[in-house]
Protein chains: 4
Amino acid sequence: MKELSPRQLEIVNLAIELIAEKSIQGLTIKNLSKKIGLSEGAIYRHFNSKFDILLTILSSFLQEADKSLQNVCESDNSALDQIESVFMYNFNRFTERPAIASVIFSESIFQNDNRLSVEVLKLLDKHESTLKCIIENGQRNGEIRVDIQCDKLISMIIGSIRYTVTKWRLTNFEFDLINEGRILLESIKKLIKK
Amino acid sequence: MKELSPRQLEIVNLAIELIAEKSIQGLTIKNLSKKIGLSEGAIYRHFNSKFDILLTILSSFLQEADKSLQNVCESDNSALDQIESVFMYNFNRFTERPAIASVIFSESIFQNDNRLSVEVLKLLDKHESTLKCIIENGQRNGEIRVDIQCDKLISMIIGSIRYTVTKWRLTNFEFDLINEGRILLESIKKLIKK
Amino acid sequence: MKELSPRQLEIVNLAIELIAEKSIQGLTIKNLSKKIGLSEGAIYRHFNSKFDILLTILSSFLQEADKSLQNVCESDNSALDQIESVFMYNFNRFTERPAIASVIFSESIFQNDNRLSVEVLKLLDKHESTLKCIIENGQRNGEIRVDIQCDKLISMIIGSIRYTVTKWRLTNFEFDLINEGRILLESIKKLIKK
Amino acid sequence: MKELSPRQLEIVNLAIELIAEKSIQGLTIKNLSKKIGLSEGAIYRHFNSKFDILLTILSSFLQEADKSLQNVCESDNSALDQIESVFMYNFNRFTERPAIASVIFSESIFQNDNRLSVEVLKLLDKHESTLKCIIENGQRNGEIRVDIQCDKLISMIIGSIRYTVTKWRLTNFEFDLINEGRILLESIKKLIKK
DNA sequence: CATGAATGAGTATTCATTCAT
DNA sequence: GATGAATGAATACTCATTCAT
């Protein structure tokens, strides 16, 4: 992915806020230009289309996840600690920028366009493959119980993270996501350890 | 909720299909009228607004869930069997009509309008309260482990169901949801039983 | 004009109310049918078109005015008393059914369709010719001053009546139209008598 | 009121013509855009809504009247001359732009929307208060007869002006409004002077 | 007589995008 | 780079009218 210019970065960031505030229907060029303080035409100097903005958003998320999850599985930490890293990476990120949660969990929104839904799938895959690596290692070295299929453990872990974040969003970010996330993490640890 | 006329039922059902096919953006009165083979104006003889159609869809889902989950917790079955009922209710339903899954998991889509998002929340609540009843009973009578908070077990169960269905959708319904669901169910049972 | 059936009369009367309440834009077949408690289609049993309803309204007004003003000028009363008759005819009528005022003074509304504006003009003409007859007689027999053209006196009389009624409507019928009308009448009398 | 851009002025002026030609029902965005030679959407670059266009029209009329009638009563002219100013202001204006008459006398058209009818009432009030000032001065200094209430004189003056203009419109501007207006003015002068 | 469903044209408004300046 | 004007297609919804039942 090409480097983004400062203006492009600004557009992308405000687009994310806009989606968070008013859902994807609120992301119009008009709204965006108002938020940025540029004319509508000006936006097209920086992106060829609205689609490109969306693609850039998703790509940047993917890139970020790639970078952050890349070495988790290769580290020397225990499997359970590695899972903790995945948990905390997500909960910290969403707490810092709740708008990201709104965008990431809006797959259905992007299913319109295949080129966008592919990016969403890549993001899920990144998490799945990281967890797969962690869990398989953990099962091999006796840290994690083996009487349950690895992919089912993954579904449970990702599913419970996603559901917790979804409820956090639907309740307007009322509860402390990191706190709840930590309790959830401990529960998961208890459940899956050998 | 009032009885729906046959035409209303037809509109509602085709609207659900439309959302499933093209996401909420695809649910336009024009698309809908084309699908039904009526003029656009004709739809307004049966519903006052597009909003009403959406509300009817969500209400019918809620009503259905109410009816189906109502007595689960009161039955004489074991807690684990009751959980199985919740699982199979959902997986059977989605397998029969995949479009429903697309609509139900589109909360972000409805967050635009409070009156709609309230309905979505009610649906989640129905599932949560059913599971809460089941699990608390199970913990009390020694069927379910007590070292993990009830609400975290709920997050894991609902989360993993939702995530499994989401992946099923994103992979264009390629795998057998009921099969996978059954394996997931067994995994969950193993994890939470005492 | 043909006799109106009871149903036609009902439709015409409720149409007048509707125009009074919501101006001509509020007169839709849907609104009308709701007010009558009939279906929309049913209205077309009684009138061929919305236009016909409007025409019937205006014609009935004209007919009524014809009947009531017909003999005023031929009576043995003095000119000033005859003018009083014209005044009181109008103010009594509007007080009894304010809706009529709303419709009658909405010429601009009917100017769309020539066939309708012709009816409105006939109504004005009826008043003008009645007053012309009265005033010319009055000027001839020395009751009314002759230093002012007859048609200018007419403009002043009709104009002041219309303006008083217009203000009455615009202030939501707050003041007593008959009272104010009587004072206006006395003023006019003073001004025009020899 | 903000300065209008040339395009806005063009839109407002053509909207006035449109109302004059086809009454308020003829003022649709489609008609307007056709008349201007722009697309419908383009109009929304210049006004936020049709309502705004209407409001701008009425406000400009009010502003114009405010400016023109402001100093009439404060001048050193005799009361009768001041009344002549009010007369000629109106008749000149309507002769120059007959469309204005069509809009101004369409109160019933704007009664739908309170924010619009308020503007129309302000316009009437401006005329009333100007005349009230003139007549009261005239009655005080012996120019105008005192045996008739001031507000009744006002009703007669405004009423006869309005009615004359209304007939002018309904007869498709056939007669010379300024001529007729002048005769009416002389008649009024004779009637009200002491 | 009356209903309810249906139509087709029309209504204000929004949107992504283009382009001359 | 940026603006402001413009476009054309789309959006939800309304309306007078028709017609089978």
Side-chain angles (χ1 to χ4, degrees), chain A residues 5-8 11 24-33 36-54, chain B residues 5-8 10-11 24-34 36-54, chain C residues 5-8 11 24-33 36-54, chain D residues 5-8 10-11 24-34 36-54:
Chain A
S5 73
R7 206 41 133 190
Q8 284 179 314
I11 291 172
I24 202 74
Q25 276 108 325
L27 180 63
T28 65
I29 299 296
K30 193 177 186 180
N31 282 349
L32 195 48
S33 69
I36 303 176
L38 284 184
S39 72
E40 295 164 60
I43 290 178
Y44 286 86
R45 283 272 147 198
H46 304 283
F47 287 99
N48 287 326
S49 66
K50 182 177 163 180
F51 170 80
D52 273 8
I53 298 176
L54 284 169
Chain B
S5 71
R7 197 55 118 186
Q8 283 180 314
E10 188 189 1
I11 292 172
I24 203 74
Q25 276 111 323
L27 180 63
T28 65
I29 298 297
K30 196 175 196 167
N31 282 348
L32 195 48
S33 68
K34 237 181 282 167
I36 303 176
L38 288 183
S39 70
E40 294 174 51
I43 290 178
Y44 288 88
R45 188 131 307 258
H46 304 282
F47 286 97
N48 287 325
S49 65
K50 180 178 162 179
F51 169 81
D52 272 10
I53 298 175
L54 250 4
Chain C
S5 72
R7 207 38 134 190
Q8 283 179 315
I11 291 172
I24 201 75
Q25 276 109 324
L27 180 64
T28 66
I29 299 296
K30 193 179 187 181
N31 282 349
L32 195 48
S33 69
I36 303 177
L38 284 184
S39 73
E40 293 165 61
I43 290 178
Y44 287 86
R45 285 271 147 200
H46 304 283
F47 285 98
N48 287 325
S49 66
K50 182 178 163 179
F51 170 80
D52 273 8
I53 298 176
L54 284 169
Chain D
S5 71
R7 196 57 118 185
Q8 283 180 313
E10 189 189 0
I11 291 173
I24 203 75
Q25 276 110 323
L27 180 63
T28 65
I29 299 296
K30 196 174 196 170
N31 283 349
L32 195 48
S33 68
K34 237 181 281 168
I36 304 176
L38 288 182
S39 70
E40 294 172 52
I43 290 178
Y44 287 87
R45 188 128 310 256
H46 305 282
F47 286 96
N48 287 326
S49 64
K50 180 178 163 179
F51 170 80
D52 272 11
I53 298 176
L54 249 3

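Within every chain, numbering begins at 1; the chains are lettered A, B, ... in the order of the sequence lines, protein sequences first and strands thereafter.
Listed by chain and number, the residues in a side chain to side chain contact (heavy atoms under 4.5 Å, CB included) with A:L38 are A:R7, A:I36, A:A42 (sequence neighbours excluded). Residues passing the side chain to side chain contact (heavy atoms under 4.5 Å, CB included) test with C:F51 are C:S49, C:L55, C:D113, C:R115, C:L116, sequence neighbours excluded. B:Q25 meets the side chain to side chain donor-acceptor pair (under 3.5 Å) test with B:S23; sequence neighbours excluded.
For residues 41-52 of chain A, the set of pairs meeting the salt bridge (Lys or Arg N to Asp or Glu O under 4.0 Å) definition, not counting sequence neighbours, is empty.
DNA chain E forms stems at E:2-21 with F:2-21, each a run of 3 or more consecutive Watson-Crick or G-U wobble pairs whose two key distances fall under 3.5 Å.
Of all non-hydrogen atoms in C:I29 and C:I43, the two that sit nearest each other are O-CD1, 3.9 Å.
Rounded to whole angstrom, the span from the CD atom of D:E10 across to the C1' atom of F:dA6 amounts to 13 Å. The separation between B:I11 atom CD1 and E:dA6 atom C1' is 12 Å, rounded to whole Å. What separates CG of D:L38 from P of F:dG4 is a distance of 17 Å, to the nearest Å. Put simply, CZ on B:F47 is 15 Å from P on F:dA12, counting in whole angstrom units. Counting to the nearest Å, the C1' atom of E:dT11 and the CD1 atom of D:I43 are 13 Å from each other. Spacing between atom NZ of B:K34 and atom P of F:dA12 amounts to 12 Å, rounded to whole angstrom units.
The distance from the OG atom of A:S5 to the CZ atom of A:F47 is 7.0 Å, given to the nearest 0.5 Å.
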Nucleotides 14-21 of chain F: protein proximity per nucleotide (B base, S sugar-phosphate only, - neither; heavy atom, under 4.0 Å): BSSBBB--

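OP1 or OP2 of F:dA6 has at least one side-chain nitrogen or oxygen of D:H46 nearer than 4.0 Å.
Side chains of A:I24 and B:I24 form no contact here, defined as non-hydrogen atoms less than 4.5 Å apart.
Side-chain atoms of A:Q8 come within 3.5 Å of backbone N or O of A:H46 as a donor-acceptor pair.
Residue whose closest nucleotide on DNA chain E sits further toward the 5' end, between C:S39 and B:S39: C:S39.
Nucleotides F:dT21 and E:dC1, compared at atom P, are 23 Å apart to the nearest Å.
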